[in-house]
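The structure appears below as structure tokens.
The figures that follow rest on heavy atoms only: side chains count, while hydrogens, waters and symmetry mates do not.
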Amino acid sequence: MILLLSNREDVTTDLVVLELRRRGLDFVRFNTEDFPLSASLSVCFDDGSEPDGLLEIKGRRIKLEEIGAAWYRRPVAPTYRTVSLTSPIENYCKSEALWTLAGTWANLRCFWVSKPWAVRRATDKLYQLKVAKGLGFQVPTTLVSNEPHLVRQFYTSMAARNRAIVAKPVRRGFVPGSDWVVFTTLLTRNDLAAIEGLRLAPMIFQEYITKAADVRVTVVGQKVFAAAIVYDDPEKAPVDWRASEGSHLIHQPWVLPGEVQNKCRALVETMDLAFGAIDLVLDPNGRYFFLEINPNGQWAWLEKQCGFPLTSTLVDLLVTKDRSVS
């Protein structure tokens, strides 16, 4: 059986569900916001070498030992909207539920795409940069800090080399509970005059690499799918392509040099992942720079725009349970 750990709103999971149904494969989708109000989970430790577990979703009872592969897509925190709880009690219940889920996945003996604990570690951008540099990727000069005067010094030193710098979040690009989205943005001298608020939250400051193209690399097992993302008017291209209107972006399949492909595979493997969405920048001199990796990045739009068989490749990986041959 294949277990999909996701949430109700994730349309990417919908695509995989359709492919699993098309192949007639046995699977269960667990939208984790349904736990514990609409789903139950029990794990028993007795004299056996492995714990016994039982997951019940919409009347279906699944023994955890029946699960051969699991896709850790985008599970979310439990919700308690249908019951009336004080905030402290709700927070307590949510924490207990999350820890129960995490402990259960740690005891699940199956093939993961990808292991939850590896996904959590791989979301650390400082860890990403260290691993990428160790594998030989070119990485922009980077400072992570909440110290304004160090940022000013960094800006001055880069300006002396005729280099611009950008600022971007350490963890996430949106502010929960608001409409604010924090994109990668060029830093100006005017920004430096109002940077004292940085003391409240560190940011990443990074050398800006002049782009010939953004390159999105999706690694599924050992298969590498690369797409170049360019702007229809290069003179008006934004610093962060995600801030652009989709109609102005051109996506096209891209052939990476073999060395870069191998580094992308090695990055995913070194992080103990089975999947990774890697953001590279190609500069006008033909050099590829590593920016970051998302261990659960989006890919459905690339399947549509570039014709990549990403859904079927992911399902192949879950079926074969071997990232070395997918």
side-chain hydrogen bond (donor to acceptor under 3.5 Å, both in side chains) partners of [X], counting only residues at least two apart:
X	result
R22	E19
N107	none
N262	R265
W254	Y288

Exercise for the section: Not counting sequence neighbours, list each pair that qualifies as a salt bridge (charged side-chain N to carboxylate O under 4.0 Å, His left out) and has a residue in residues 288-303. Expected result: K125-E292, K168-E292
Problem - Residue pairs, two or more places apart or on separate chains, that pass salt bridge (charged side-chain N to carboxylate O under 4.0 Å, His left out) and touch residues 145-154 - result: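 Residue pairs passing salt bridge (charged side-chain N to carboxylate O under 4.0 Å, His left out), neighbours aside: E147-R199, R152-E196.
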Can you see which heavy atom on [X] is nearest to which on [Y], and at what distance?
X	Y	result
V230	A213	CG1-CB, 3.6 Å
L273	P295	CD1-CB, 3.9 Å
F275	V113	CB-CG1, 4.0 Å
F111	L317	CE2-O, 3.6 Å
K263	G136	NZ-O, 2.9 Å
L302	A227	CD2-CB, 3.8 Å

According to a hydrophobic-cluster definition based on side-chain heavy atoms being under 4.5 Å apart (Ile, Leu, Val, Met, Phe, Trp, Tyr only), do [X] and [Y] belong together?
X	Y	answer
M203	L192	yes
Y72	W99	no
L98	L5	no
F35	L54	no
V17	L25	yes

Practice task
Just jot down the side-chain contact (heavy atoms from CB on, under 4.5 Å) partners of T188, sequence neighbours excluded, or say none.
Solution key: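 Result, side-chain contact (heavy atoms from CB on, under 4.5 Å) vs T188: N190, D191.
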Handout entry: Results of side-chain contact (heavy atoms from CB on, under 4.5 Å) for L18 - residues two or more places apart only
Key =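 If we apply the side-chain contact (heavy atoms from CB on, under 4.5 Å) test to L18, skipping adjacent residues, there are no hits.
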Distance-only, no hydrogens or angles: does the [X] side chain make a donor-acceptor pair with backbone N or O of [Y] under 3.5 Å?
X	Y	result
T313	P309	yes
D34	S38	no
T270	L267	no
E207	P140	no
N7	E9	yes
S6	N31	no
Q128	A122	yes

Suppose clustering is done on Ile, Leu, Val, Met, Phe, Trp and Tyr with side-chain heavy atoms closer than 4.5 Å. Which residues sit in the same group as [X]?
X	result
L126	V144, V170, I204
L291	I209, V281, F289
L37	Y80, V83, L85, I89

As an exercise, state the distance from [atom1] of [X] to [atom2] of [Y], rounded to the nearest 0.5 Å.
X	Y	atom1	atom2	value
R121	K115	CZ	NZ	9.5 Å
N296	S114	CG	OG	7.0 Å
R29	R8	CZ	CZ	10.5 Å
S145	F205	OG	CZ	7.0 Å
I67	W112	CD1	CH2	8.0 Å
Q138	K133	CD	NZ	9.5 Å

Problem - Residues K321 and D316 bridged, charged N to O under 4.0 Å - result: no
Practice task
Considering only NZ, NE, NH1 and NH2 on the basic side and carboxylate oxygens on the acidic side, decide whether K211 and D214 come within less than 4.0 Å.
Solution key: yes
Exercise for the section: Scan side-chain atoms only and decide if T142 and Q206 contain a donor-acceptor pair under the 3.5 Å cut-off. Expected result: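 On atom types as modelled, these side chains qualify, holding a pair under 3.5 Å.
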Handout entry: Aromatic ring pairing F290/F137, orientation class (parallel under 30°, perpendicular over 60°, tilted between)
Key =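 Judged by the thresholds at 30° and 60°, the geometry between F290 and F137 is tilted.
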Practice task
Give the ring-plane orientation class for W71 versus W299, where under 30° counts as parallel, over 60° as perpendicular and anything between as tilted.
Solution key: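 Ring orientation of W71 relative to W299: tilted.
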Side chains of [X] and [Y], heavy atoms from C-beta outward: is any pair under 4.5 Å?
X	Y	answer
D10	D14	no
V166	T185	no
Q298	R74	yes

Taking [atom1] in [X] as the centre, count heavy atoms belonging to other residues, nucleotides or ligands within less than 6.0 Å. Is the count above 12?
X	atom1	answer
R109	CZ	yes
Y92	OH	no
E96	CD	yes

When the side chains of residues 56-65 are checked against the rest of the protein, which donor-acceptor pairs come out under 3.5 Å, sequence neighbours left out?
{"from": "E56", "atom 1": "OE1", "to": "R61", "atom 2": "NH1", "distance (Å)": "3.1"}
{"from": "R60", "atom 1": "NH1", "to": "F27", "atom 2": "O", "distance (Å)": "2.9"}
{"from": "R60", "atom 1": "NH2", "to": "D26", "atom 2": "OD1", "distance (Å)": "2.8"}

